Amino acid sequence: MRKGRIRLGRTGIILIAFTVTICLTGTGIYGSKGPSESAAQKRADIIRIDSMKTFGKLERPPVTFLHQKHTEALAKENKDCSACHLVENDRLVPKYMRLKDTAKQEVMDTYHLNCVACHKETADAGQKSGPVVCGECHKDKPDLVSIWQPIGMDKSLHYRHAKAQDQKCGRCHHQYNEVTKKLYYAEGKEATCRYCHKDITEENRISFQLASHLACIDCHRKTLAKFNDAGPISCDGCHDPVQQKLIEKLKDVPRLKCNQPDTVFVRTAKSGSQNSNPVSRMKLVPFNHKAHENYNDTCRVCHHANLNACVQCHTQQGTKEGNQVTLEASMHRLNINTSCLGCHDLSQRDPKCAGCHNRIARTRQQDPAACQACHMADVNRVAESMQHTAEKDLAAMMLDSRIPVAHTFAESDIPENVEIKTLSNQYGPVKMPHRKIVQTLFGNINDNQLVRYFHRDKNTLCQGCHHNSPTAKKPPSCASCHGRPFDEREPFKPGIKAAYHRQCMECHGAMGIEKPVATNCASCHQKKG
Amino acid sequence: MSITRRKFLGWLGAATAGTTLGKTAGAASNKHFSGYAKSMGVLFDNTRCIGCRKCEEGCNTVNQLPAPDRPFDDLSVLDTQRRTTAKEYTIVNRYDDTDAGHVKVLGPLFRKVQCNHCLEPACASACFVRAFTKTPKGAVIYDASVCVGCRYCMIACPFEIPTYEYDKALEPRIMKCTMCYPRIVKGLLPGCVQACPTEALTFGRRENLLKDARERILKFPDRYVDHIYGENEMGGTSWLYLSAVPFKKIGLREDLGVTPAPKLTSGALSAVPIVVGLWPVLLTGIYAMSKRKEKIANEETARAVADAVEQTNAAAAAKHAKEMEQVQKLKQKEIENAVKKALEAAARPKPEEASDTQPEEADQKPSEEDS
């Protein structure tokens with residue numbers, strides 16, 4: 001009898017422990033949701049300290065360090081950067097409390113002793129402090145979400161900096177002399193830091209991250225001390241998306257002088273005169289460099305590796321330095337904004353254009369005559385003419401011969417209202433304000449020279465809706481091609497109902513038009529019966 | 001009877017070995033079932049769906065389901081996530097988390113929830129009365145007349161689709177989408193497909209829908225996630241999905257794997273006949289054999305004991321007989337001696353009494369030769 005009672009008691013305790021474990025951990029319960037992601041803290045100042053990597057495989061996870069949190073805490077105690085960073089050659093050393101990495105134990109001690117000591121002190125003083133236990137710093141999966149956004153020089157920022165430095169470019173721009181192993185300023189060769197300083201620190205060249213922080217933050221610090229007004233020195237000031245929006249952006253920035261051409265023919269040969277490349281037989285492309293400078297915020301959108309002409313690396317056959325990208329690909333590849341066609345194509349994603357262009361499959365298969373839109377200049381004729389006319393004038397002439405004026409049909413030829421009554425068993429006919437739509441779209445086109453040029457034929461605009469049919473003043477009705485749905489032989493052609501609905505709804509959606517709401521049937525056609 | 005540990009382990013080993021000798025059965029067949037040829041399916045494209053709920057209305061009309069609590073044009077029901085119910089074969093859910101990485105998705109996305117008409121349905125596999133049938137047309141249909149209401153199908157379905165008419169006291173049924181089977185055999189469209197204004201639902205042969213979906217992804221690569229949900233999930237479903245965002249963001253589980261549900265249990269189930277058939281026979285046989293062995297062993301022991309006893313008795317008797325003989329001999333000798341003495345004594349004084357004693361000696365000779 002007693003034995004039985006003991007057994008019962010034991011089973012009971014085990015059952016209770018089991019249930020409690022399941023409830024607390026919540027694992028294995030179907031449909032239970034884990035901790036919500038929004039509980040994670042959003043920070044722009046997360047640094048992962050993995051300096052021990054240089055000494056071999058890490059034994060513990062890298063430490064997640066919040067830089068701004070520390071600068072703010074130290075600022076409250078009137079301490080500045082020198083609390084953690086040593087100064088060498090009048091510049092702050094980015095490493096923590098040391099000039100360089102010496103031996104494994106020393107570096108580890110530097111971190112452990114100094115960090116933990118400071119944390120202990122602060123805690124002893126009765127304030128909120130950081131962790132002192134190993135696992136609290138070396139957290140594998142901290143509950144943080146990084147909202148860090150990169151920042152770079154754009155035309156407006158650069159102009160402001162140049163003005164502040166009295167146009168003394170040598171204050172920031174330098175070159176490196178391999179022989180003397182010294183930095184020097186080379187006038188006329190200024191470019192973005194990124195051309196030399198890459199993602200990681202190499203032998204003799206620090207990473208872009210280090211370089212930018214050293215150069216920018218140091219200068220800001222000194223300026224702040226002298227003039228009380230300078231750029232940001234906190235992480236958030238540059239990298240927090242909200243703060244980034246507060247950075248003043250000048251509208252009219254004077255053109256940056258860099259010996260760049262105004263108008264030029266796109267080079268197809270590495271060296272020699274423009275026309276001397278016998279391999280390329282395509283007509284030359286006149287290029288308005290000056291106008292394109294206004295289309296982008298930085299030069300490095302196109303000049304992604306250096307400021308030279310594309311063909312220096314992207315030859316006709318492709319080279320190693322050009323990553324084997326041929327000249328043709330560098331000019332025409334889609335979905336990338338460093339190529340001509342790619343950038344033009346990406347501009348079609350603008351809501352003003354997306355209504356029609358979202359539905360056109362992005363392929364390069366176009367009418368070969370479309371090439372002529374850019375490839376205008378006969379090589380031999382250019383060669384002849386260049387004997388007595390400067391290249392830039394020739395190019396300018398060719399560019400001017402393009403007439404970037406968009407056309408559409410005369411107003412009287414565009415029906416004002418179109419009644420769509422093909423399907424009307426459940427809903428009444430639709431009265432579509434056709435002319436208003438065409439005129440709105442035409443207004444969108446007229447904004448931009450590129451767009452105007454490509455819509456110079458008056459039929460082009462109509463093809464946005466009146467697609468897959470020959471151009472005409474009176475294009476065929478939708479019902480001439482769209483009939484019953486789900487025809488196996490034509491899987492891509494929707495039936496007439498979906499053709500109408502998708503044509504209108506997808507365009508409205510892509511252009512961000514809020515009225516009429518797609519789910520409000522009555523806003524377009526009245527319900528019957 | 002008490003059983004020794006060795007015997008028990010021996011039986012266990014024999015039973016297990018016998019089970020593993022058989023071949024495990026594959027579900028349907030041992031090859032991958034990719035659907036009946038020419039079976040139909042539906043492709044849902046959430047970049048086309050506007051969340052108008054006309055599909056719910058169409059389903060309700062065609063299947064003569066009861067009127068809903070809130071009308072179909074009330075889009076505020078989309079504020080909560082719903083599931084299929086006994087009165088709704090299909091519902092539409094709205095998903096506001098449209099973070100697709102680098103591609104910007106405009107507006108919330110929607111998904112239509114209904115039976116996916118798997119190629120190898122878990123519900124059909126779990127049902128022990130064969131209430132579900134996977135038709136060659138592709139639809140998985142339900143026969144209420146044989147259903148016992150155990151609701152194993154509801155547990156088995158990885159998409160949690162079948163619902164039950166708990167509110168009905170008599171003859172409650174399992175309720176789930178039928179792909180409008182009576183309509184599609186007549187060449188009509190399912191109710192939801194018919195009603196959709198934007199052809200977010202495309203009806204056609206499953207193999208053609210897969211080709212169509214692949215072409216859409218090819219033509220508009222930045223519009224879709226490069227995966228057709230339902231192509232292989234749970235062995236393949238007839239209802240396929242294309243999405244602008246990762247599928248788990250629109251409520252479709254991505255952890256289901258590609259093994260069809262019946263195959264998950266076919267291994268264990270195929271062991272049942274062998275267990276039921278083999279184990280009783282095998283174990284009974286072993287039992288019988290060992291029992292018989294014991295019996296024979298017992299018999300032999302008994303016989304050996306009996307033999308031994310007999311031998312011992314015989315030896316004892318022989319010994320006894322020998323000794324008796326010797327005793328007799330001695331006695332005889334004594335008697336002879338006594339007679340001789342008597343004779344001698346008689347011969348000396350009185351010679352006339354000597355002839356009387358001789359016949360008495362002949363009577364006293366032992367005649368038994370006992371064992």
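Lettering follows sequence order; numbering is per chain, from 1. All values derive from a computational prediction rather than experimental measurement.
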Between B:Leu209 and chain A, which part of the residue has a heavy atom less than 4.5 Å away: side chain, backbone, both or neither?
-> neither

Heavy atoms of other groups near B:Asp69 CG, more than 12 under 6.0 Å = no

Mind checking the OG1-CZ spacing from B:Thr198 to A:Arg502? Nearest 0.5 Å is all I need.
-> 7.0 Å

Begin with the C-alpha distance, continue with both residues' side-chain angles, and end with the deciding distance and a verdict on side chain to side chain contact (heavy atoms under 4.5 Å, CB included) for B:Lys54 and A:Cys521.
-> CA-CA 11 Å; B:Lys54 286 265 177 297; A:Cys521 310; 3.6 Å; yes

Atom OH of A:Tyr427: over 12 foreign heavy atoms under 6.0 Å = yes

To the nearest 0.5 Å, tell me how far A:Phe492 CZ sits from B:Arg216 CZ.
-> 6.5 Å

Got more than 12 heavy atoms from elsewhere within 6.0 Å of CD, A:Glu488?
-> yes

Shortest non-hydrogen contact from B:Glu199 toward A:Pro485 | OE2-CB, 3.2 Å

Bottom line for B:Arg53: the part with an atom under 4.5 Å from chain A's heavy atoms is neither

Contact class of B:Lys211 relative to chain A, heavy atoms under 4.5 angstrom | neither

Counting only heavy atoms not in A:Arg484, do more than 12 sit closer than 6.0 Å to its CZ atom?
-> no

Side chain from CB out, backbone as N, CA, C, O: work out which of these in B:Ile50 comes under 4.5 Å of a heavy atom of chain A, or both, or neither.
-> both

Steps toward side chain to side chain contact (heavy atoms under 4.5 Å, CB included) verdict (A:Arg349, B:Asp222) | CA-CA 11 Å; A:Arg349 303 215 180 150; B:Asp222 39 330; 3.3 Å; yes

Just wondering, are more than 12 heavy atoms of other shown residues or ligands nearer than 6.0 Å to CD in A:Gln526?
-> no

Interface check, chain B: of A:Asp487, A:Thr519, A:Val517, A:Asn358, most non-hydrogen pairs under 4.5 Å belong to A:Thr519

When rounded to the nearest 0.5 Å, the distance separating SG of B:Cys52 from CE of A:Met505 is 7.0 Å

Looking only at heavy atoms, what is the nearest atom pair of B:Leu201 and A:Phe486, with distance?
-> O-CZ, 3.3 Å

A:Ile360 versus chain B, the contacting section by heavy-atom distance below 4.5 Å = backbone

Per-residue contact mode, B:Leu43 against chain A (heavy atom under 4.5 angstrom) = neither

Chain A contact via B:Phe203 - side chain, backbone, both or neither, heavy atoms under 4.5 Å = both

Could you tell me the separation between the CG atom of A:Asn520 and the CG atom of B:Asp73, rounded to the nearest 0.5 Å?
-> 9.5 Å

Part of B:Asp212 lying under 4.5 Å from any heavy atom of chain A | both

B:Asp79, CG atom: more than 12 neighbouring heavy atoms under 6.0 Å = yes

Point-to-point distance, once rounded to the nearest 0.5 Å, from NZ of A:Lys497 to SG of B:Cys196 | 7.0 Å

